[in-house]
Amino acid sequence: MTAAIIVVAVIPMLIMELGVITTHRESVLKNKESEVSGQLNHVAANIGFQNSYINHIEQKCQDELEMISDIFDGRVMVVNSQMRIVYDSYVFEEGKTLVSSSVINGLLGKNGNSVKQNGIREIAVPVYNSAGAITGLLIAQINESDFLVTLKETTAELYIIRIHLIIAI
């Protein structure tokens, strides 16, 4: 009898819980990525409107990029079409060349410019000039663990619900 209850009630509940957690995790990551991309697109439009060739970023745009960096607790960089970093919210890499798959794909105009590596999500947004040519990229590097704070809360709530359901069963 107990084995039947476990098979009929508890195991499906655990499978359902795993599905909910996985779906919620992907949803949180997609939403945060979408937020960051939206903010970067706004700044990219301002930079592209002001520059046909990105060699310097105006203070207003630097302030916006710094704000994005603070809000999402990550790094934001502006890379020109020669892959040279013209702005870095961490300041360390300004003037250096950045060669990565997201930079190369972004400058070529390929979609899907979100790359995950070692728990860091790199989001690249192209900067277009008034003629529609890609003159550079805005790149945000965000730590995924910061995105998943709500996932830990949800997992804890599901754990409590699971205990109550098992007791009820």
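Predicted model only: the values in this text are computed from it and were never measured.
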First locate atom CG of Leu137, then atom CG of Asn105, and finally report the distance between them rounded to the nearest 0.5 Å.
-> 10.0 Å
Donor-acceptor pair, Ser69 side chain versus Gly74 backbone, under 3.5 Å?
-> yes
Transitive ILVMFWY side-chain link Val125 to Ile71, under 4.5 Å = yes
Electrostatic pair Lys96-Glu93, nearest N-O below 4.0 angstrom = yes
Would you give the length of the straight line joining atom CE of Met67 to atom OG of Ser89, rounded to the nearest 0.5 angstrom?
-> 13.0 Å
For a side chain to side chain contact (heavy atoms under 4.5 Å, CB included) with Val127, tell me which candidate from Leu138, Asn46, Ile134 qualifies.
-> Leu138
Between Phe92 and Ile85, is there a shared hydrophobic cluster once you connect ILVMFWY residues whose side-chain heavy atoms come closer than 4.5 Å?
-> no
Can you measure from CD1 (Ile47) to CG (Asn129) and round to the nearest 0.5 angstrom?
-> 13.0 Å
When hydrophobic residues are tied together by side-chain contacts of less than 4.5 Å, even through go-betweens, does Tyr128 share a cluster with Ile104?
-> yes
Could you go step by step and tell me if Leu98 and Met77 meet the side-chain contact (heavy atoms from CB on, under 4.5 Å) rule?
-> CA-CA 10 Å; Leu98 178 63; Met77 295 179 283; 3.9 Å; yes
Nearest 0.5 Å, what's the OG-CD distance between Ser100 and Gln141?
-> 8.0 Å
Can you measure from CG (Asn143) to CZ (Arg75) and round to the nearest 0.5 angstrom?
-> 13.5 Å
Return yes if a side-chain donor-acceptor contact under 3.5 Å exists between Asp63 and Gln59, otherwise no.
-> yes
Connected via hydrophobic side-chain network under 4.5 Å: Val91 and Val76 | no
Are side-chain heavy atoms of Ile139 and Leu40 found at a separation under 4.5 Å?
-> no
Point-to-point distance, once rounded to the nearest 0.5 Å, from OG1 of Thr135 to CD of Gln82 | 10.0 Å
